[in-house]
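Below: the structure, in structure tokens.
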Amino acid sequence: MTPSFDTIISGGTVVTASDTFKADIGIRGGRIVAIADTLTGAAEVIDASGRLVMPGGIDSHVHISQPSGEGVVMADDFDSATRSAAFGGNTTVMPFCFQEQGQSLRDALSWYHGLAEGQCHVDVSFHLIVSDPTPQVLGQELPALAEEGYTSFKMFMTYEGLKLTDRQILETMTAAKLSGARAMIHAENDDAINFLRDQAELAGDTAPKFHALTRPIPVEREATHRAISLAEIAGVPLVIVHVSNREAMEEIARARARGLKIYGETCPQYLVLTAEDLDSPQGAKNVCSPPPRDTASQAACWEGIEQGIFNVYSSDHCPFRYDDTAGKKHPMGEKSFRWIPNGIPGVETRLPILFSEGVVKGRISPQRFVALTATNHARLYGLYPRKGTIAIGADADIVLWDPERQITLSQDILHHGSDYTPYEGFEVTGWPVLTMVRGQVVVRDGTLSTSSSGLHIPREKPQA
Ligand code: URP
Ligand code: ZN
Ligand code: ZN
């Protein structure tokens, strides 16, 4: 007799964004087809006793193979980044496809697709980065690409070659509104950063710690306020990514109180690192933007997680090697913090850090963990209900989680292309032990499946 299911996950505790319950899960053709007390009749039965059975993580903020300046090379390609993602319990990542000046969005996309094709261990779905919002890009390309499933894009208020003027932001937001795409923004005041940076360099203050000191909280708060005001003027929902502190959070809360659809994202670095981590001989390892702040900001971000200011928790995985002149030790970066490549690795450590610091320490429920790491990403970016939940008809994107396993985070156990982790020595309780993408086991007990089967997933237009 043919078995009813390809796979049954048996005896685990299923956690969704709304419920926790004991059940078996039946999988056929890569989808979840049954959820019941007891199921039988499968080619393979996976014993999940003592495990949490959760939707695989969706990391909606990762950078892979992104050009990052003269002589700088990102440490991950699609193979290593998605391998690392899979080991970290993720089943979908959303990398950015960066439009260079003068480039069409389609050209940018075809380059990234070429890099990703056949290389991915988990599913991927591209956001766009709009850096050159010409009438052609806004009037023709963005609307057409939104129809084809590229339904989100990021704008930058800082970084040479990426930053948009307020006028361009308004025009690009309007294109989001007309095409139904989701707008995201990196909110830091570029002029203020340049002013403070020039002053620091004039004073001879060039060490990595000055990266944080020249991007103080008002730089982020002002830009967050302005971004929200621009979204209000354009009449468009907006995601404020990588929020690092209370004052920026308060801007989001105030906007929501005015009835605006403003969403917030925070990241592990704002929960467990501080600016002091940049104040060491190896401080370049922790240079990212916005910078980690202080323990009061960490506490504020935890409040934002608990109270729902933050809808999503992402890694902002942006990996460079440390001991490498194409990475954090770029010769220019050795001269001044201005040139240290911005970004840190984190796709593999994102889930364990939130589980351990959030669920195990009693700050959030397991359901909220699932919402913040998977379901809300799917909802925000048009992947729901295909992804981000455990329900009949959903893709069988599942992580089995050992809630008691104790691990010391260390470069030795990670799978990214960087030669370090910012979280070296950090102790966590709770660890992913099996990652399944569309019914196929990708990682089991620390071993990667040999076949790469990640696909690019076109997305629906997001619901508000
Ligand atoms: O420092 C960071 N965050 N690098 C990645 C690029 C970005 O702004 O997200
Ligand atoms: Zn950013
Ligand atoms: Zn980023």
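Note that ligands are numbered from 1 as they come in the structure, with each ligand's atoms numbered from 1 the same way. Computed from a predicted model, the values in this text were never measured in an experiment. Note that these values count all heavy atoms, side chains included, but never hydrogens, waters or copies made by symmetry.
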Cut-off 3.5 Å, no hydrogens considered: what does the side-chain donor-acceptor table look like for residues 85-99, sequence neighbours left out?
{"residue": "N90", "atom": "OD1", "partner": "R350", "partner atom": "NH2", "Å": "2.8"}
{"residue": "N90", "atom": "ND2", "partner": "A85", "partner atom": "O", "Å": "3.0"}
{"residue": "N90", "atom": "ND2", "partner": "V347", "partner atom": "O", "Å": "3.1"}
{"residue": "Q99", "atom": "OE1", "partner": "S131", "partner atom": "N", "Å": "2.9"}
{"residue": "Q99", "atom": "OE1", "partner": "D132", "partner atom": "N", "Å": "2.8"}
{"residue": "Q99", "atom": "NE2", "partner": "Q103", "partner atom": "O", "Å": "2.8"}
{"residue": "Q99", "atom": "NE2", "partner": "D132", "partner atom": "O", "Å": "3.2"}

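- Near the Zn ion (ligand 3), less than 2.8 Å away, sit the protein N, O or S atoms H61 NE2, H63 NE2, D316 OD1.
- Within 4.0 Å of ligand 1, protein heavy atoms belong to H61, H63, K154, F156, Y159, H186, H242, C288, S289, D316, C318, N342, G343, listed by chain and number.
- Between Y150 and H127, the distance separating the two ring centers is not shorter than 6.0 angstrom.
- Checking T421 against Q411 by side-chain atom types alone, no donor-acceptor pair falls below 3.5 Å.
- Looking only at atom types and distance, the side chain of H330 has no donor-acceptor partner in the side chain of T325 under 3.5 Å away.
- Under the rule for a salt bridge (charged side-chain N to carboxylate O under 4.0 Å, His left out), R256 has no partner lying at least two apart in sequence or in another chain.
- Surrounding CD of E334 are more than 12 heavy atoms belonging to other residues, nucleotides or ligands, all under 6.0 Å away.
- Below 30°, between 30° and 60°, or above 60°: for Y423 and F426 the angle between ring planes is above 60°, a perpendicular geometry.
- The two atoms that bring K163 and D190 nearest to each other are NZ-OD2, 2.6 Å, heavy atoms only.
- Taking the six-membered ring where tryptophan is involved, the planes of F126 and H456 are essentially parallel, since the angle between them stays under 30° and well short of 60°.
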